[in-house]
Amino acid sequence: MRASGKIAIITGGASGIGAALGRALAKEGAEVVLADRQPALAEEVAASIVAAGGRATATELDVRSFEAFEHLAESTLKRCGRIDYLFNNAGIAIGGEIDSFTVEDWHDVLDVNLKGVVYGIQAVYPRMIAQGFGHIVNTASMAGLVATAGEASYGATKHAVVALSKSLRIEGKRRGVQ
């Protein structure tokens, strides 16, 4: 039970990979903070984790807001004393060929999938450096490695997340953050 007693923030924690990750970590003994812009759904997932004997809270978070991410990081640190894990998992996709995208479509995908990860790192990484430990996991999917038709905006952001993660791994290693 490597996660026992650990504190984990999971963005996109109300559904899909984020909810499954929350359940798995809680089952291993971690306290999970399910952060999502769908707070009612995040509350349902947190309640199911608690009903199963785990520790979970839900909070509303729009990863497109650095200030909201800063508030979440600070409030989690105050309440729990540390942040062991940050899972930058929130993501959206808009399918279709490039000529069908609007500029607003690009902004939506870039803001959630790339800026959301950057904001998470900017809010949590300095706190992990100060505490001397932590783990940051950025969800990128196969779209971060292989380009396909119909997923240009999603793939572009996920390729960027892979590159960002590789750089962060190198820099974080000497500071105790994985």
Mind checking the [atom1]-[atom2] spacing from [X] to [Y]? Nearest 0.5 Å is all I need.
| X | Y | atom1 | atom2 | value |
| --- | --- | --- | --- | --- |
| L110 | L114 | CG | CG | 6.5 Å |
| I7 | L25 | CD1 | CG | 11.0 Å |
| R37 | L61 | CZ | CG | 10.0 Å |
| Q131 | I83 | CD | CD1 | 6.5 Å |
| K6 | Y85 | NZ | OH | 5.5 Å |
| I9 | T59 | CD1 | OG1 | 9.5 Å |

Which heavy atom of [X] sits nearest a heavy atom of [Y], and at what distance?
| X | Y | answer |
| --- | --- | --- |
| L72 | A35 | CD2-CB, 3.9 Å |
| L41 | A14 | CG-O, 3.3 Å |
| A90 | N113 | O-OD1, 4.3 Å |
| I49 | A26 | CG2-CB, 3.3 Å |
| L34 | G18 | CD2-O, 4.5 Å |
| R64 | D108 | NH1-OD1, 4.5 Å |

Practice prompt. Please name all residues satisfying side chain to side chain donor-acceptor pair (under 3.5 Å) with S165, sequence neighbours left out, ordered by chain then number.
Written response: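 So S165 forms a side chain to side chain donor-acceptor pair (under 3.5 Å) with N138.
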
Is there side-chain contact between [X] and [Y], with at least one heavy-atom pair below 4.5 Å?
| X | Y | result |
| --- | --- | --- |
| L164 | V117 | yes |
| K158 | M142 | no |
| Y125 | L168 | yes |
| C80 | E31 | yes |
| K115 | V63 | no |
| H135 | F87 | no |
| I136 | Q178 | no |

Practice prompt. Enumerate the residue pairs fulfilling ring-ring contact (aromatic ring centres under 6.0 Å, His included) with a member in residues 27-72, sequence neighbours excluded, ordered by first and then second residue.
Written response: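 Listed once each, the pairs are F66-Y119.
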
Practice prompt. Evaluate whether atom CD1 of I94 has more than 12 neighbouring non-hydrogen atoms of other residues, nucleotides or ligands under 6.0 angstrom away.
Written response: yes

Worksheet item: Does R79 CZ have over 12 foreign heavy atoms under 6.0 Å away?
Response: yes

May I have the list of side-chain donor-acceptor pairs in residues 143-153 shorter than 3.5 Å, sequence neighbours left out?
{"residue": "T148", "atom": "OG1", "partner": "E151", "partner atom": "OE1", "Å": "3.3"}

Please say yes or no: joined through hydrophobic side-chain contacts below 4.5 Å, possibly via intermediate residues, are [X] and [Y] part of one cluster?
| X | Y | value |
| --- | --- | --- |
| Y154 | I92 | no |
| V177 | I121 | yes |
| V118 | I10 | no |

Item to complete: May I ask you to say whether R127 pairs ionically with E70, meaning some side-chain N is under 4.0 Å from a carboxylate O?
Response: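 Yes, R127 and E70 are salt-bridged.
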
Discussion item. Out of the candidates V33, D62, N89, only one should pair with T11 under the side-chain contact (heavy atoms from CB on, under 4.5 Å) rule; please name it.
Written reply: N89

